[in-house]
Amino acid sequence: MAEAALAVAAFATLCALVLSVAPQPAEPDDGAYRASIVAMTEGHFLTLSTTQAERLARKLGDNPAAPPNQWIELSDGRYISEKDPGYPFLAAPFEKLGIIRWAPLFYGLLACLGLLIGARRWLGRFGGLAAVGLYCSSGAALAFAWRDYMPTFTDASLIAAGSGLLLWSLLATEASSRRRTWAGLAGFAAIEIATFVRYTDIVILGCGVVAVVVAWRLQAARVPLSMLCWWLASVAIFVAGVAIFDDLVYGGPLTTGYQPGEVTFGLGAIGPNLRLMPAHLMQAMPMVVFGLIALVWIVLRWLMRRRAGGEAGAAARRDLSVGAALAASWLAIWGLYSAYTWTTDPTSVTVQVVRFYVPALGAIALLGAWLVTRIPGPARWTGLISAAVIAAMFGLGVWSFYAMYAGFGVPLSG
């Protein structure tokens with residue numbers, strides 16, 4: 001009960017910090033998503049006529065006398081946002097109810113539940129608290145949970161929730177096959193929805209598929225073939241559904257709202273990004289250090305115990321398997337965006353560029369939680385250590401939250 005109460009306190013602190021700052025648009029992207037969300041609340045799903053688009057832009061004060069900013073004209077003359085289409089579906093009910101500020105926080109709550117369940121099953125007592133606290137306390141979480149019309153915190157939270165549920169379903173071998181199947185389906189569904197929000201999250205979905213196939217193949221997690229088939233069928237149906245959706249809306253199964261050449265990746269961008277991004281990422285997500293140390297420690301621990309039998313050897317092998325799966329999803333999305341040409345501009349500020357890396361927040365929090373719960377000391381101190389680390393990280397997170405927007409020329413006010 002103490003662990004759950006402290007985890008609730010961590011999430012409540014996130015909510016209080018975010019809601020204490022008055023809302024305001026930070027970038028044109030906020031306006032593009034807002035237009036889609038408001039249009040849905042008025043009964044216009046996906047596309048608008050020119051007249052409807054211009055009327056909507058005037059109503060929102062976004063690019064008056066023309067369609068909203070970052071909207072494009074389709075071949076049939078109708079207009080649609082160039083942004084990936086998933087977030088408006090998730091946020092429109094909150095807009096309709098007049099509680100849009102709670103939209104990202106609601107999905108953040110799902111992230112906390114998933115992380116609590118998965119980390120507790122993997123790490124034991126207070127593992128869930130550590131994962132939830134690290135997730136909620138990062139400057140990146142605070143910065144984008146505040147942006148109610150931006151999808152960044154929402155898709156990251158869905159991935160975190162899905163990752164936690166998949167972790168539980170693979171490790172909880174004592175649970176019934178039905179419970180594990182449904183938990184895994186819920187986990188994959190969360191990551192699939194996140195992918196509909198941001199298409200590049202498909203690399204994380206792919207890592208999830210590889211992880212469960214490997215677990216089934218090695219029988220390390222006692223995954224029955226029927227369970228695996230249900231999970232893979234869910235992914236196959238999602239991929240086919242998105243392809244059909246894109247074909248009907250954008251004119252091709254691999255086509256999006258972005259014009260050719262607008263979003264580009266190239267090997268030549270890796271060098272500049274490796275020079276520029278570490279400083280941005282350290283400011284927004286200092287728990288990256290925890291995640292990297294955890295990975296090194298997990299590998300070294302396995303090397304020292306790889307021939308050991310009994311519980312110690314089994315724990316080292318389990319930690320290596322889980323750590324490798326989490327690292328794969330983390331490095332998949334970061335590796336993809338290391339080749340993103342847009343982030344190579346040295347004049348860009350932190351809050352502009354780190355949003356592409358935020359989907360890895362859940363995986364990093366889980367790895368960081370492993371480190372926090374393995375700090376040497378009496379077992380009864382684990383909860384105190386976790387709480388102390390989280391409190392310190394919240395201090396860094398609040399500083400980062402305000403500093404990132406101050407550097408962007410967006411002063412935050414209560």
Side-chain angles (χ1 to χ4, degrees), residues 111 114-135 138 156 159-173 184 187 191 203-223 281 285-308 310-336 357 359-376 382 385-386 389 393:
L115 291 172
L116 184 68
I117 292 169
R120 185 176 175 85
R121 185 61 185 79
W122 177 31
L123 304 173
R125 194 172 180 220
F126 294 111
L129 166 63
V132 170
L134 290 176
Y135 185 82
S138 72
I159 289 170
S163 299
L165 289 172
L166 281 177
L167 184 57
W168 183 90
S169 65
L170 289 173
L171 295 182
T173 54
I191 300 175
V203 298
I204 297 177
L205 180 61
C207 288
V209 170
V210 171
V212 299
V213 170
V214 170
W216 166 77
R217 184 70 177 174
L218 299 179
Q219 284 300 301
R222 302 178 191 172
V223 177
L281 294 169
M285 308 177 216
M287 67 173 177
V288 166
V289 175
F290 290 6
L292 291 174
I293 293 174
L295 280 175
V296 173
W297 193 343
I298 286 171
V299 173
L300 292 177
R301 190 164 172 261
W302 171 77
L303 288 173
M304 291 187 292
R305 299 182 179 180
R306 66 184 184 279
R307 293 188 177 87
E311 185 176 342
R317 289 187 289 273
R318 181 196 61 197
D319 288 348
L320 180 69
S321 299
V322 174
L326 294 173
S329 66
W330 170 10
L331 297 178
I333 195 71
W334 282 29
L336 173 65
Y357 294 77
L361 207 57
I364 301 171
L366 285 166
L367 287 167
W370 184 94
L371 181 68
V372 170
T373 56
R374 297 301 185 270
I375 294 175
T382 303
I385 292 172
S386 298
V389 170
M393 296 302 291

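Side-chain atoms are counted along with the backbone in the values below, which use heavy atoms only and exclude waters and symmetry mates. Source: prediction; values computed, not measured.
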Heavy atoms only: give me the nearest Gly362-Ala160 pair and the separation to one decimal.
-> CA-CB, 3.8 Å
With a 4.5 Å heavy-atom cut-off, do Arg121 and Leu167 have their side chains touching?
-> no
For residues 319-332, which residue pairs qualify under salt bridge (Lys or Arg N to Asp or Glu O under 4.0 Å), counting only residues two or more places apart or in two chains?
-> Arg301-Asp319
What distance do Leu170 atom CG and Trp168 atom CH2 have between them, rounded to the nearest 0.5 Å?
-> 10.5 Å
Results of side-chain contact (heavy atoms from CB on, under 4.5 Å) for Val203 - residues two or more places apart only = Ala332, Ile333, Leu336
Over all atoms of both residues, closest heavy-atom pair of Ala130 and Ala369 = CB-CB, 3.7 Å
Closest contact, heavy atoms only, Ala294 versus Leu371 | CB-CB, 4.0 Å
Residue list, side-chain contact (heavy atoms from CB on, under 4.5 Å) with Ala328, at least two apart or on another chain = Cys207
To the nearest 0.5 Å, what is the distance between CG (Leu218) and OG (Ser321)?
-> 8.0 Å
Distance (rounded to the nearest 0.5 Å) between Ser163 OG and Leu366 CG | 7.0 Å
Looking only at heavy atoms, the pair that brings Ala215 and Val223 closest together is CB-CG2, 4.2 Å
Only one of Ile298, Ile385, Leu123 forms a side-chain contact (heavy atoms from CB on, under 4.5 Å) with Arg374, so which one is it?
-> Leu123
Inter-residue atom distance Tyr135.OH - Met393.CE, 0.5 Å rounding = 14.5 Å
Do Ile191 and Leu166 come within less than 4.5 Å of each other through their side chains, counting heavy atoms only?
-> yes
Under 3.5 Å donor-acceptor, Trp334 side chain and Tyr357 backbone = yes
Side chain to side chain, Trp330 and Val288, heavy atoms closer than 4.5 Å | yes
Which of these passes side-chain contact (heavy atoms from CB on, under 4.5 Å) with Leu367: Leu326, Ile293, Leu134?
-> Leu326
Indicate the atoms forming the closest heavy-atom contact of Pro359 with Ala156, along with that distance.
-> CA-CB, 4.0 Å
Looking at Thr373 and Ser386, what are the two nearest heavy atoms and their distance?
-> CG2-OG, 4.5 Å
